[in-house]
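For reference, the structure discussed in these notes is given below.
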Amino acid sequence: QVDLVESGGGLVQAGGSLRLSCAASGRISRLNAMGWYRQAPGKQRELVAEITDGGSTHYLDSVKGRFTVSRDNSKNTLYVQMNSLKPEDTAVYYCKCSIRPRLSSSASDYWGQGTQVTVSS
């Protein structure tokens with residue numbers, strides 16, 4: 001059993017900052033790539049930022065220079081620091097992690113429950 005718990009969402013004014021966290025717990029053998037996705041009302045879910053187990057990062061063009069993704073492998077936790085937030089960043093943010101559970105020979109993708117980020121103008 002593996003669980004992902006997100007925290008850090010909320011309401012912020014345009015130009016403000018938020019930091020989201022995603023903590024993985026359970027019988028984890030290995031954490032591979034981890035990423036943040038978001039879904040706004042009426043839109044498809046999109047990849048915002050991801051980080052590999054080697055530390056390489058990738059960002060959605062519209063968040064480059066404003067968002068920073070990081071991970072703490074000792075805590076099995078994924079973060080994203082979001083600065084200079086804009087109203088168009090408003091969405092439910094989800095973390096997704098590729099995890100190989102203990103006693104398993106393969107990895108699977110696990111999703112968090114989502115956390116709401118609302119940016120007011």
Side-chain angles (χ1 to χ4, degrees):
Q1 180 74 17
V2 174
D3 291 310
L4 299 180
V5 178
E6 300 163 5
S7 59
L11 173 64
V12 65
Q13 288 187 334
S17 298
L18 284 174
R19 188 193 195 207
L20 305 183
S21 301
C22 172
S25 62
R27 301 175 61 83
I28 297 170
S29 176
R30 180 178 176 84
L31 279 176
N32 299 317
M34 308 172 79
W36 290 98
Y37 291 71
R38 69 186 181 189
Q39 187 166 20
K43 296 187 177 181
Q44 289 189 333
R45 191 172 296 188
E46 62 181 355
L47 174 63
V48 176
E50 63 180 351
I51 182 167
T52 68
D53 53 350
S56 297
T57 58
H58 171 78
Y59 295 93
L60 182 68
D61 283 347
S62 62
V63 308
K64 284 181 180 177
R66 300 189 297 120
F67 289 14
T68 303
V69 64
S70 61
R71 59 192 286 169
D72 184 337
N73 292 327
S74 68
K75 297 180 179 180
N76 289 341
T77 301
L78 171 71
Y79 305 97
V80 63
Q81 177 67 42
M82 306 186 295
N83 299 327
S84 302
L85 283 161
K86 304 176 180 180
E88 50 264 43
D89 294 318
T90 295
V92 178
Y93 283 71
Y94 300 89
C95 63
K96 186 185 82 170
C97 300
S98 173
I99 298 173
R100 180 161 63 89
R102 292 179 189 172
L103 305 180
S104 176
S105 60
S106 61
S108 299
D109 288 338
Y110 293 82
W111 288 87
Q113 80 284 2
T115 185
Q116 178 70 47
V117 171
T118 303
V119 184
S120 63
S121 58

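Numbers here simply count residues along the sequence, with the first being 1.
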What distance separates His58 NE2 from Ser56 OG, expressed to the nearest 0.5 Å? 12.0 Å
Do side-chain atoms of Thr115 reach the backbone of Tyr93 as a donor and acceptor pair under 3.5 angstrom? no
Can you hop from Phe67 to Val92 via hydrophobic side chains spaced under 4.5 Å? no
Is there a donor-acceptor contact under 3.5 Å from the side chain of Trp111 to the main chain of Leu4? no
Which residues satisfy the disulfide (SG to SG under 2.5 Å) test with Cys97, sequence neighbours excluded? none
Can you name the closest pair of heavy atoms from Ala107 and Ser98 and give their distance? CB-OG, 3.7 Å
May I ask you to check whether over 12 heavy atoms, not counting those of Lys64, lie within 6.0 Å of atom NZ? yes
Verdict with reasoning, Leu20 to Met82, per side-chain contact (heavy atoms from CB on, under 4.5 Å): CA-CA 8 Å; Leu20 305 183; Met82 306 186 295; 3.7 Å; yes
Any side-chain heavy-atom pair of Ile28 and Val2 under 4.5 Å: yes
Do the side chains of Tyr37 and Val63 join up, straight or via other hydrophobic residues, at under 4.5 Å, putting them in one cluster? no
Any heavy-atom pair between the side chains of Gln116 and Thr90 that's under 4.5 Å? yes
Any idea which heavy atoms bring Pro101 and Ser106 closest together, and the distance? CD-O, 3.8 Å
If you group Ile, Leu, Val, Met, Phe, Trp and Tyr by side-chain heavy-atom gaps below 4.5 Å, do Tyr94 and Ile99 land in one group? no
Given 3.5 Å as the limit, does a donor-acceptor pair link the side chain of Gln13 with the main chain of Ser120, or not? no
Between Glu50 and Ala33 (side chain of the first, backbone of the second, donor and acceptor by atom type, cut-off under 3.5 Å), is there such a pair? no
Kindly give the heavy-atom pair with the smallest separation between Arg66 and Asp89, and that separation in Å. NH1-OD2, 2.8 Å
Applying a strict under-4.5 Å side-chain criterion to I, L, V, M, F, W and Y, I'd like to know whether Tyr59 and Ile51 cluster together. yes
Heavy-atom pair of closest approach, residues Asp53 and Leu31: CB-O, 3.8 Å
Tell me if a side-chain donor or acceptor on Arg38 pairs with a main-chain N or O of Val117 at a distance below 3.5 Å. no
Distance col, row Tyr79:OH vs Arg19:CZ, nearest 0.5 angstrom, shows 5.5 Å
Heavy-atom donor-acceptor pair, Arg100 side chain to Arg30 backbone, under 3.5 Å: no
Any chance you could measure Leu47, atom CG, to Arg45, atom CZ, to the nearest 0.5 Å? 11.5 Å
Please report the C-alpha distance between Leu18 and Leu85 in whole Å, then the side-chain angles of each, then the deciding distance to 0.1 Å, and finally whether the side-chain contact (heavy atoms from CB on, under 4.5 Å) criterion is met. CA-CA 8 Å; Leu18 284 174; Leu85 283 161; 4.1 Å; yes
When every non-hydrogen atom of Lys96 is compared with those of Asp109, the smallest separation belongs to NZ-OD2, 3.7 Å
Looking at side-chain heavy atoms only, is the closest gap between Cys95 and Met34 below 4.5 Å? no
Which heavy-atom pair separates Thr57 from Val69 by the least distance, and what is that distance? CG2-CG1, 3.7 Å
